[in-house]
Amino acid sequence: MYKKNNTLLLYSIIYFAFLYIPVMLLPIFSFNDAIHMVFPLKGFTFKWYDQMIHSSRLHKALMNSIKVGLVASVFSTFIALLAAKAFTRYKVRFHQLSYGAILLPFVIPEIIIAVALIVIWTGMGFQLGLVPVTISHILFCTPFCLLILISRMEGFDKNLEEAAMDLGENAWGTFWRVTFPLVLPAVIASLLLSFVISFDEFILAFFLSSSDQTLPMYMWGQMRFPKKLPHVLALGAVIIVVTSLLVIISYWLRNLGNPSGKKSKIGGI
Amino acid sequence: MINTWRKLFSKHESIRAYTLLSPALILVILAMASPLLLMVLTSFHTQVSMMEIDSTLTLDRYADFFSRPVYSTLLFRSIKISFLVTLVTLLTTYPLAYYIAFYVKKNKMLWIVLMTLPFWTSYLLRVFSWRVILGHKGVINSALMFSGAIDEPLSFLIYSQTAVVLTLAHAWAAFAILPLYVSLDKIDKSLLEASYDLGCSKFQTFWRVTFPLSLPGVIGAILIIFIPTVGDYVTPQLVGGTDGRMLSNMIQSLFGRANNFPLGAASAVLMLLSVSFVALVVTYITKKVSLRMS
Amino acid sequence: MDDKNFIKINNLSKNFDDVVAVDNVNINIGKGEFFSLLGPSGCGKTTLLRILAGFEYPSEGSVSIDGSDVTDIPANLRPTNMVFQNYAIFPHINVKRNIEFGLRKEKISAEEVNQRVSEALKMVKLEGYENRFSNQLSGGQRQRVALARALVKRPKVLLLDEPLGALDKKLREEMQIELRNLQRSVGITFVFVTHDQEEAMTMSDRVAVMNQGKILQVSPPRELYDFPVNLFVGDFIGDINLLNSEISNIDGKNVKVLINGIGEYTIQAHTIINQNDTIVTGIRPKSINISSNDNKKSDIQVKGKITNTSFYGNLTYVYVSIEGVDKALMLSTAESLQGLSINSDCYLNINLKDIRVIKKNDP
């Protein structure tokens, strides 16, 4: 019945091109020996990469982004792991309500969360900076981690944990000997993806960080100056390649040794 | 004491559950709910001077918002643009999700991964690449001029609402493809066979079986795209120009250069209210429609 | 404590919100007994088993095993082990590490662990499978691993939650015999949950029939079949013809009943029947004798017409309609039905001792 549909296939390929060409342009022009991104291409060069490597402000922004990303990914994965266990293993009263509340930051416009955090943070008399940025990133990443971890936890049988209890393990032993090894790939995937999200996040950082720049803010600042553009392209190309690799690894991890045997849906996300 | 706690802990599922949930709930309460409440409260205050806010409760900020046409124009424009983005994204991604769900046999996962991969790469860079594609000295214009098709750069490409819609439809594609694919893939293929068996054509089968069954995915995609894009800041800033300016850009300046926190808060509250309202209406209508269809 | 009361379940109830899953259950299970909990799905048998295992805590009542009260003891500290319905073999470790999983908490030497594991493997006939993983095993093999993993702990009680449900018919029958033999040789008390009455009947020393959270009858299989205490048990265990009847008179155990369409007879009841009880009379298919003429001698003889027959190899089921009885009677016979075919007249011979007076209401 569904053997072939060339019209749809052609459409899919065109859409695919629409999806990828804009992203691919940045790496292509990052090797182009010209200030402006215009056709025809002029010639091959590494000088923008060289310029990028030697920018000290970029280094500082990079370090800030890594710091925020690491803290945010570890905290949000940990918080989501506990919550995923609660949602998949226990009958939670107000299940829908709690679940909805935790997932809400995923849909609320980021600018509203940013503005609300500015109001409370400055209202309490604190200085804006990387701390509120990190808090907002934890808030923003937790729903993603929760969806990844819940789909893994649902994928494996509740009886396995009961079997461990039945064989004499306490809650702690059961977690370390059974639950953790089985969810480990998803935990790593969750760490990687939340790191990528935090690393690429712009709005919250832009509103909440004041003078401490993260990498996306640094790029934002450079985009206005045509002369700086090529080295933003170089930086962008590197970021695209690295984050794509991390994401591919995390996809692969999520399907690795899936205990239910069937391929996990990335349907959650 | 410890023993009674332990006994309570092992006997009552809800105590165990809430112990595990508490970090997440505390995070949501402290980092989202209370800031939002404070923001709502602030929207009833008055900015007196640079550093001073009068905390007498007043509705003046909302009056300000509606008395100056620019604010309501921006709010309606934001909603209009988001609506168009949602529509365009759904219409363009549905055939794709349909193709992957029903026609792709091998390597379905690979298709899905490839379709969602660009989503994970920096949002800022994706929007930025549209700026360089559509710009006056951008990729399209330079390519067209180089090929001799035009002499002057096309100026309508960038800094328009169309540019904003196009860019956002590209940026949010993954959020439509996934829910649509999941709901289409879930459909039991024997239902479609039953429909053909009962004499429906392919077209009728689509409208009477496939589409109604994919509605959960459609609703999911609508909500997940419409709500966040109303508050988008980066895209209008980079490719919108004056014509494509949205409410977020105004909110940003109220919290920045204009330094009017209460009015900014009031704008944010109104944005939140209007997206919640639209979301409720959409869910309500689609539920009604799907009830009637079944 | 004596051997008869190795497991004592007293006034046990379990509510989930408004639903009563287990309703005031009292059972004593003997040491070394093969005890089955039998009932339709949703009757509360699995909940009862999970309370014994320590996965659920009762709302009311108590459980004691081997003389000590375990009501509040969590699963990991109980002298019970469980074979799960889907076996719950840990997928991330191999067969050997699955079996030794529970031995880590017991302070025994590595040598003894190895010895006990190989004993267990031998017992379930899985020698040579030590390094396999769950996904490399068949359903039957997984079940053996689950058994070995539980038995290696030398529990006082082994709990089995429909362990044969996932196997195909032939393998299931083999495993029934094997499980029964295994239980005899290790001498451990087995509590076995099933919805399959044949399975319960062939394997158990005693069977408890459950419905809607209540225990209806606890008896050896034979007694359960021959003397059901109420309509539910009679109907659930094996095939039975149920005939609408009314009590005319009661004299101790002798009950005079009017059986619709058949007549009035005095039958010895095996339970106490009161004048205001509503009853039916029940006759097992094997207790009805069929013949083409009225020569045979029996307490009751009725004339009927064959409406249908179905052939089951060693047995033939015959359906006979009788005037005044709304449902055709079913009977089974091992003999060939010479001279009898569909629509032919026949005679049914029934003895009074094979008729049961069964209460419609619960005991």
Side-chain angles (χ1 to χ4, degrees), chain A residues 81 84-98 149 151-190 252-264, chain C residues 16-17 19 46 49-50 52-56 73-93 97-108 120 133-137 142 145-155 157-163 166:
Chain A
L81 182 61
K85 167 127 173 126
F87 282 127
T88 51
R89 294 296 181 264
Y90 300 120
K91 266 181 253 133
V92 182
R93 213 172 277 205
F94 308 117
H95 182 291
Q96 286 298 325
L97 189 68
S98 325
L149 293 167
S151 79
R152 181 74 177 194
M153 294 275 238
E154 272 173 349
F156 87 83
D157 181 8
K158 200 176 168 175
N159 281 348
L160 293 174
E161 286 166 334
E162 286 189 345
M165 299 286 273
D166 186 63
L167 293 166
E169 277 298 349
N170 55 26
W172 186 246
T174 300
F175 182 79
W176 284 113
R177 292 184 68 190
V178 177
T179 317
F180 191 70
L182 289 172
V183 295
L184 186 60
V187 169
I188 298 172
S190 160
W252 173 73
L253 276 169
R254 289 179 65 191
N255 276 317
L256 181 75
N258 197 328
S260 64
K262 54 177 191 243
K263 296 232 169 178
S264 83
Chain C
F16 292 110
D17 300 324
V19 183
T46 297
L49 193 78
R50 288 170 59 81
L52 289 178
F55 296 135
E56 309 279 357
I73 307 281
N76 53 327
L77 304 176
R78 286 197 188 197
T80 59
N81 284 113
M82 178 127 150
V83 175
F84 289 84
Q85 187 166 15
N86 58 2
Y87 315 134
I89 308 299
F90 302 122
H92 60 298
I93 49 180
R97 305 230 347 241
N98 258 285
I99 295 175
E100 67 188 27
F101 189 96
L103 294 179
R104 184 183 289 194
K105 285 272 150 155
E106 293 180 18
K107 292 178 183 81
I108 49 176
F133 282 83
S134 166
N135 57 7
Q136 300 166 308
L137 299 173
R142 272 181 220 172
V145 175
L147 262 174
R149 186 176 69 180
L151 286 172
V152 80
K153 293 269 294 170
R154 298 181 182 159
V157 180
L158 187 73
L159 307 167
L160 303 102
D161 185 9
E162 307 227 13

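Naming convention: chains lettered A, B, ... in sequence-line order (proteins, then strands); numbering from 1 in each chain. It should be emphasised that the depicted structure is a prediction, and the values quoted were computed from it without experimental measurement.
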> Is A:Glu162 paired with C:Arg50 through a side-chain N to carboxylate O contact shorter than 4.0 Å?
Replying inline: yes
> So do A:Leu182 and C:Phe90 actually touch side chain to side chain, heavy atoms under 4.5 Å?
Replying inline: no
>> Atom CZ of residue position A:Arg89 - does it have more than 12 heavy atoms of other residues, nucleotides or ligands inside 6.0 Å?
In response: yes
>> Please find the pair of heavy atoms, one from C:Arg149 and one from A:Ala163, that lie closest to each other, and give the distance.
In response: NH2-CB, 3.6 Å
> Would you say A:Leu160 and C:Pro91 make side-chain contact, with heavy atoms under 4.5 Å?
Replying inline: yes
> What's the spacing between A:Lys158 NZ and C:Phe84 CZ if we round to 0.5 Å?
Replying inline: 11.5 Å
>> Distance check, rounded to the nearest 0.5 Å: C:Phe101 atom CZ versus A:Arg177 atom CZ?
In response: 4.0 Å
>> At a 4.5 Å cut-off on heavy atoms, which part of C:Phe16 comes close to chain A: side chain, backbone, both, or neither?
In response: side chain
>> Need one label for C:Leu159: side chain, backbone, both or neither, based on atoms under 4.5 Å from any heavy atom in chain A.
In response: neither
> Does any N or O in the side chain of C:Arg104 come within less than 3.5 Å of the main-chain N or O of A:Gly168, such that one atom is a donor and the other an acceptor?
Replying inline: no
>> Heavy-atom cut-off 4.5 Å, strictly under: side chain, backbone, both or neither for C:Asn135 against chain A?
In response: neither
>> Is there a side-chain hydrogen bond (donor to acceptor under 3.5 Å, both in side chains) between A:Asp166 and C:Asn76? Walk through the geometry before answering.
In response: CA-CA 5 Å; A:Asp166 186 63; C:Asn76 53 327; over 6 Å; no
>> For chain C, which candidate among A:Asn170, A:Val178, A:Leu167, A:Asp157 shows the most heavy-atom pairs at distances under 4.5 Å?
In response: A:Leu167
